[in-house]
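The figures that follow rest on heavy atoms only: side chains count, while hydrogens, waters and symmetry mates do not. Everything numeric in this text was worked out from a predicted model, so none of it was measured.
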Amino acid sequence: MTPEQLSTAIVGALTDLVDSGALTLPDAVPASVVVERPKSKEHGDYATNVALQLAKKAGLPPRDLAGLLADRLRATEGIAAVDIAGPGFLNITVEAAAQGALAAQIVEAGAAYGGSDLMAGEKVNLEFVSANPTGPIHLGGTRWAAVGDALGRIFEASGADVTREYYFNDHGAQIDRFSTSLLASAKGEPTPEDGYGGAYIADIAQQVMQTEPRVLDLPDDEAQEVFRSVGVNLMFDEIKQKLHEFGVDFDVYFHENNLHESGAVKRAVERLTDLGNTYEKDGALWLSTEQFGDDKDRVIIKSDGKGAYLSGDLAYYLDKRERGFDRCLIMLGADHHGYVGRMMAMCAAFGDKPGENLEILIGQMVNLLSDGQPLRMSKRAGTVVRHDDLVDAIGVDASRYALARYTSDTTIDIDLDLWAKQTNDNPVFYVQYAHARLASILRNAADLGLSAARGDAFDPSLLSHEKEGDLLRALAEFPRVVAAAAQLREPHRVARYLEDTASSFHKFYDACRVLPMGDEEPAPIHAARLLLVEATKTVIANGLHLLGVSAPERM
RNA sequence: GCCCUCGUAGCUCAGCUGGAUAGAGCGUCGGACUUCUAAUCCGGUGGUCGCAGGUUCGAGUCCUGCCGGGGGCGCCA
């Protein structure tokens, strides 16, 4: 009996009460009710507050309504006990057999367990990282690489059609500064004003000259164009490669330049003008975003005739919508949150629904600590913490897990010393160790010629130990956790859940012997526990997969 | 000045979108390995949930105002 089934049973009990005239509700019976796992064991396996929620509407004291429901629920198969507690909570205890049956269902479902059709039919575009090809990926981009990709996996598990997209900023002044910096470096000149410094500029410049040995014989403007095109491609290849090694691959790399060259910007501007949402002032073209909630109106075509930065975003958004995406999610660093207002206003100006057709997620900053000290945060020296600073120090699995473990809207400090440790201080190892331990039990079982109970040979009522019940209830939570992670766009819930589940498993392992000891004859309890082990391994593997973290068979 | 975000145990953070006595991990103190991985488990320790009001049966959670940290407020990209 899962929480979902229990919820259905409670709705059924409410419906029966209404049908029999014992209960009168002004509105329809709710489609589902909240079933939660109580913090205290004294409050049963599951608890619901429906009686408190509906008491006023029903015109009954909460405890009386709870009493009516309790009588109905006690007659329900699989429910062992129902208690009324406090102001009107229903505390429900589930029969071991009804609970244990889940182990077989999980093993049966395999990799599909935890998924749903919650987002079936939704075509979702996830835009993240989108780091400028003017330098190596920064840590902010890495955070979204981990979180955005995990979110994509969670959406896919929820039935959505997901496209991962990278907006490639290869247009405008930043690229010009990049190319002049490369040219200057190649000629042995100092970094120009507003240019990019750093060792990677010299590296790229050298690589360009290897590809195009005679580039410096060209006039400066032509040489700069060579450095621009070749340099950007080299930088972009490196970024792609780094992300690939990080386990993140995009379906679409969208070039901003295309929007300007294809006339998409022009078309987007015309569309907004047709809708009456633009006007001319001071020689520039403005988008009236203020009427849609922005702080003020924004220039989209500058008085020199060039598109303002926002014009690319307009065209890009329109392009995504024309490609059939109902939901466009954009993940930005906190340093760009000032964009949210105008982007949402832009969405509304197109006649779309902000928050529905367009969602913007903001990720706060990430700091790295080593020996308790922040890693190179000197803005003055122009050194920024980069993707490699994290991944080279602690590896891909720990990096992805560490970044996906926290809500995106809080600033995080990643202690490199902690995450590099191979001890239980380190959450990713704690979870991965549980998986390896599970795998080990199954290997040992195979060596003994034992296999998990299947079909009628499985007696779920044997899984009646307290720790077995705790573990089963943890496993039963997984679909709800994945659904919440999808709906709230919060992958960290999966990581926290895995830590809880790993803990439940370790406690089970400590209390319940799975395999026969010594000369002991194999018994049904061993086969039943082996099935529980398989189910647990399935859940932890599925959860780690959603985060893009490996599930090792051995450690 | 305005906007966004955060403030929960000594430290790092959860808190299921309003529920019961606020939870983990680390740290600290003390226990548990002849048998499935001790990278584990068990117990003790630890709190004015930034502050003050409000909403209601009930607030860490919602509203308002302060305080404090971080970020952002260009016809830059």
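- Distance, A/H336 NE2 to B/rU5 P: 18 Å, rounded to whole Å.
- A/R437 and A/H506 share a donor-acceptor pair across their side chains, judged by distance under 3.5 Å alone.
- Side chain of A/S311 to backbone of A/A308: a donor-acceptor contact under 3.5 angstrom is found.
- In this entry the distance linking CG of A/D470 with P of B/rC41 reads 14 Å, nearest Å.
- A/Q224 and A/S179 form a side-chain donor-acceptor contact under 3.5 Å, judged by distance and modelled atom types alone.
- In this structure, the CD1 atom of A/I300 is 13 Å from the P atom of B/rC75, given to the nearest Å.
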In the 5'-to-3' direction, what one-character label does each nucleotide of nucleotides 18-36 of chain B receive under the scheme B = base within less than 4.0 Å of a protein heavy atom, S = sugar-phosphate only, - = no such atom?
-> -BBB----S--------BB

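- Computed from coordinates, the A/L314 CG to B/rC75 C1' distance equals 14 Å when rounded to whole Å.
- The base of B/rG72 does not come close enough to the side chain of A/H337 for any donor and acceptor atom to sit less than 3.5 Å apart.
- In this model, the phosphate group of B/rG15 is approached by a side-chain N or O of A/H492 to a distance below 4.0 Å at OP1 or OP2.
- Here B/rC76 presents its P atom at 12 Å from CZ of A/R342, a figure rounded to the nearest Å.
- Regarding A/F429, its CZ atom lies at a distance of 17 Å from the P atom of B/rA38, rounded to whole Å.
- Side-chain contact annotation: A/T407 with A/D409, donor-acceptor N/O pair under 3.5 Å present.
- Heavy atoms of other residues, nucleotides or ligands lying less than 6.0 angstrom from NZ of A/K266 number 12 at most.
- The 5' end of RNA chain B is approached more closely, in terms of each residue's nearest nucleotide, by A/D413 than by the other of A/M365 and A/D413.
- Side-chain N/O atoms of A/H43 and A/N91 include no donor and acceptor closer than 3.5 Å.
- At a threshold of 4.0 angstrom between heavy atoms, the contacts of A/R177 with the nucleic acid are absent.
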Dump the pairs, protein N or O against N or O of nucleotides 44-47 of chain B, anything under 3.5 Å, distances to one decimal.
none

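- Contacts of A/A173 with the nucleic acid, taken as non-hydrogen atoms under 4.0 Å apart, involve only primed sugar atoms and P, OP1 or OP2.
- A/D304 contributes a side-chain N or O that, together with a main-chain N or O of A/K306, makes up a donor-acceptor pair within less than 3.5 Å.
- When only modelled atom types and interatomic distance are considered, A/S32 and A/S7 share no side-chain donor-acceptor pair under 3.5 Å.
- Note on A/K56: only backbone sugar-phosphate atoms sit closer than 4.0 angstrom, heavy atoms only; bases stay farther off.
- Residue whose closest nucleotide on RNA chain B sits further toward the 5' end, between A/R443 and A/Y430: A/R443.
- With A/R298 contributing its side chain and A/M346 its backbone, the two residues share no donor-acceptor pair below 3.5 Å.
- Figure legend. B/rC2 is base-paired to B/rG72; pairs are counted as Watson-Crick or G-U wobble with both atom distances under 3.5 Å.
- Applying the 90° criterion around 0 to the glycosidic angle, B/rC33 comes out syn.
- For the residue pair A/T93 and A/D45, no side-chain donor N or O sits within less than 3.5 Å of a side-chain acceptor on the partner.
- Heavy atoms of A/K296 sit under 4.0 angstrom from primed sugar atoms or phosphate atoms, though from no base atom.
- Across all strands shown, B/rC33 remains unpaired; no Watson-Crick or G-U wobble contact has both distances below 3.5 Å.
- Within the nucleic acid shown, A/A334 comes within 4.0 Å of sugar-phosphate atoms alone, with no base atom in reach, counting heavy atoms only.
- The CG atom of A/D409 sits 13 Å away from the P atom of B/rC13 (whole-angstrom rounding).
- Pairing partner, B/rC51: B/rG65, with both Watson-Crick or wobble hydrogen-bond distances short of 3.5 Å.
- Under the 3.5 Å distance criterion, with hydrogens and angles disregarded, a donor-acceptor pair is assigned to the side chains of A/N367 and A/D413.
- For RNA chain B, no neighbouring residue in residues 524-538 of chain A is found when judged by any heavy atom under 4.0 Å.
- A donor and an acceptor atom never sit less than 3.5 Å apart when one is taken from the side chain of A/T411 and the other from the base of B/rC6.
- Atom name P, nucleotides B/rG47 and B/rC6: the rounded distance is 26 Å, in whole Å.
- A distance-only check finds no donor-acceptor pair linking the side chain of A/R177 to the backbone of A/Y196 [under 3.5 Å].
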